[in-house]
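Quantities reported herein were computed from a predicted structural model and do not represent experimental measurements.
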Amino acid sequence: MPDLNIIQGDLENFSQELSDLSTEVGGFVDNPSYLSLVGSAMDGGSSGQQAKYAGGHIEEQLTALKTSLATLADNVEAAAKQFQVTEEINQQAIQQVMASIPEPCPPKGPSKGE
């Protein structure tokens, strides 16, 4: 598995882009309702009713997509926060390990005048 290369801010930016996309998709949710107007243009046929059903189905799908994108944005944001916490814990652990390493002893031998 290749190493992940997560650059600071990447997950947060991705989360924001998903949230923006969810909002944009939400702007289209009501548009399929215009398909219900097909019936007035096609009296006597079943096309109007079929268009109304199709519009309702499209609205449901767009709403589900909007919700899924918003949930994914929230999950990515939570992952970014957890990643940051983990990085801080790792940094503290590294600092503790580095602080516990004893200073190297000076070399002894003929080169030092002994």
Could you state the interatomic distance from [atom1] ([X]) to [atom2] ([Y]), rounded to the nearest 0.5 Å?
X     : Y     : atom1 : atom2 : value
Thr63 : Phe28 : OG1   : CZ    : 13.5 Å
Ser47 : Gln50 : OG    : CD    : 7.5 Å
Gln84 : Ile89 : CD    : CD1   : 10.5 Å
Lys66 : Thr23 : NZ    : OG1   : 6.0 Å
Glu60 : Leu65 : CD    : CG    : 13.5 Å
Asn13 : Leu18 : CG    : CG    : 11.0 Å

Please report the closest heavy-atom contact between [X] and [Y], naming both atoms and the distance.
X     : Y      : result
Val97 : Ser100 : O-OG, 2.9 Å
Ala73 : Ser15  : O-OG, 2.7 Å
Leu11 : Val76  : O-CG1, 3.4 Å

Who are the side-chain contact (heavy atoms from CB on, under 4.5 Å) partners of Asp10, not counting sequence neighbours? Ile7
Have Asp20 and Gln16 got a donor and an acceptor in their side chains that come within less than 3.5 Å? yes
For the side-chain contact (heavy atoms from CB on, under 4.5 Å) test, which of Gln95, Glu88, Glu87 pairs with Gln91? Gln95
The salt bridge (charged side-chain N to carboxylate O under 4.0 Å, His left out) partners of Glu59 (sequence neighbours excluded) come to none
For the CD atom on Gln8, are there more than 12 heavy atoms of other groups (residues, nucleotides or ligands in this structure) within a distance under 6.0 Å? no
